[in-house]
K.L.:
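Have a look at this one.
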Amino acid sequence: MPPGLLTDDFMTSLADSAVDLSEAKTLPAACYTSAEFYEFEKEALYVHEWLCAGRESWAAKPGDYFTTQIIGEPIIVSRTLSGELKAMSAVCQHRAMLVAEGSGNTRGFVCPYHHWSYALDGTLVGAPAMSRTCDFDKAAYGLPNFAVEVWNGFVFINFDADAAPLAPRLTAVSEAIAGYDLASAEGPRPDPAAKLPWNWKVMFENNNDGYHASRLHQGPLHDFVPSGRAEFPHSEPADAGFLRFNGTLHPDASFNATQRAVLPIFKGLSDEARSRMTFANVPPSLSLVMMSDMVIYLILRPDGPESLELDTGFLFAPGAMAAPDFEHRLDMNVRASGHIIAQDMHVDELVQVGLRSRFAPRGRYSWQEGAQGQFNKWLIHRYDSTYKRMKTAS
Ligand code: FES
Ligand SMILES: [Fe+2]
């Protein structure tokens with residue numbers, strides 16, 4: 001797109017995506033391809049919303065830490081020696097080297113470049129050969145700290161220190177998934193992130209599209225969760241998340257060739273929850289796919305207008321992983337899920353190609369795409385308020 005995409009006309013046109021689904025149009029293609037719009041989204045979404053960085057279990061013990069990047073911002077999540085969970089920038093406050101990579105256990109972070117050293121909470125504790133430097137106050141050069149909150153065992157960070165807490169704006173989602181008790185669910189650290197060549201919203205929408213289930217995924221690995229049983233509980237645009245349910249043809253359905261759960265069922269699930277798949281979304285960064293025996297979590301971390309990194313993890317009922325046949329049973333689910341995910345990834349990649357086209361539409365929705373309507377309302381609520389704020393400030 002040419003520079004200057006963000007005009008009053010363009011921003012007003014977005015409202016066509018936030019009306020009732022029966023009348024709504026899809027978002028303009030530029031929202032998925034434009035570098036200018038991506039910069040706008042950083043301001044509208046990423047520097048004010050709660051962003052999932054990983055699981056709390058990845059930093060369980062004092063001294064544990066892990067690193068990640070969201071919108072290109074290098075981030076450390078650490079557990080201090082007194083047991084407090086902290087999140088901070090990984091950017092050295094001397095000359096911007098990253099003070100940590102990967103994950104591990106440490107007493108602090110020593111920048112490899114000139115050996116400034118930081119405590120696990122980001123406090124600058126050592127800076128060699130700085131005694132001749134005028135007015136140098138170590139206290140002013142700690143790693144910038146971020147707000148941190150744990151929800152259902154997921155670590156969320158917020159670049160905005162004044163952001164309202166997350167959980168009070170997620171009550172409907174929390175209630176619907178309470179039976180999973182995800183804070184105590186177990187699962188391995190995901191494989192290294194996949195780097196994917198499409199806009200983060202293409203990914204988020206695909207994971208919440210009830211319409212394609214009976215079409216793209218038609219066949220014995222998916223037919224037990226038909227599009228005709230899609231449900232979209234009401235959410236308000238100001239909520240921090242929204243739900244999608246999809247009824248299944250039999251209880252305890254799961255993604256493998258038997259179409260039934262092969263791993264232990266999460267103990268707290270109601271009969272209702274066992275008769276559906278639940279999709280729980282905390283945009284812009286976390287999307288959960290929940291079956292009776294397994295939860296798949298997607299952590300979306302954009303690194304550009306047309307690319308993202310994706311962490312894909314699995315969670316199981318406590319103790320499930322200790323069973324001697326666990327790996328074999330899991331393999332059944334992973335193989336089937338992999339088949340379905342490959343179909344989705346193919347579509348995501350080609351949707352991004354289509355969105356770059358001069359013939360990309362503002363299309364219309366089926367009732368089975370109710371989650372796209374909720375997502376649009378969530379987005380446009382934030383786009384609108386940010387655009388107004390930016391105009392007032394300029
Ligand atoms: S950049 Fe980190 S100590 Fe110099
Ligand atoms: Fe899919």
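When a ligand or atom number is given, it counts from 1 through the structure's own listing order. No hydrogens, no waters, no symmetry mates; every other heavy atom, side chains included, goes into these values. Treat the numbers as computed from the prediction; the structure is a model and nothing was measured.
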K.L.:
For Asp311, give me all partners under side-chain contact (heavy atoms from CB on, under 4.5 Å), at least two apart in sequence or on another chain.
P.N.:
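For Asp311, the residues satisfying side-chain contact (heavy atoms from CB on, under 4.5 Å) (neighbours in sequence not counted) are Ala193, Ile299, Arg301.
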K.L.:
Which is the closest N/O/S atom of Asp344 when seen from the Fe ion (ligand 2)?
P.N.:
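The closest N, O or S atom of Asp344 to the Fe ion (ligand 2) is OD1.
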K.L.:
Among Ile, Leu, Val, Met, Phe, Trp and Tyr joined by side-chain contacts under 4.5 Å, find the other residues sharing a cluster with Val99 and list them by chain and number.
P.N.:
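Under the 4.5 Å side-chain rule, Val99 groups with Tyr65, Ile76, Leu81, Met88, Phe109, Trp116, Tyr118, Leu120, Leu124, Met130, Phe136, Tyr141, Leu143.
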K.L.:
Centre-to-centre under 6.0 Å for Tyr211 and Tyr365, is that the case here?
P.N.:
no
K.L.:
Under 2.8 Å from atom 2 (Fe) of ligand 1, which protein N, O or S atoms do you find? Ignore water molecules.
P.N.:
Cys92 SG, Cys111 SG
K.L.:
Within the supplied structure, the quantity of interest is the number of heavy atoms (other residues, nucleotides, ligands) at a distance under 6.0 Å from Arg356 CZ; does it exceed 12?
P.N.:
yes
K.L.:
Going by the salt bridge (Lys or Arg N to Asp or Glu O under 4.0 Å) test, which pairs reach into residues 192-220, not counting sequence neighbours?
P.N.:
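For residues 192-220, and leaving out neighbouring residues, the salt bridge (Lys or Arg N to Asp or Glu O under 4.0 Å) pairs sorted by first residue read Glu41-Lys201, Lys195-Glu309.
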K.L.:
Testing the 3.5 Å rule here: is there a donor-acceptor pair between the side chains of Tyr180 and Asn152?
P.N.:
no
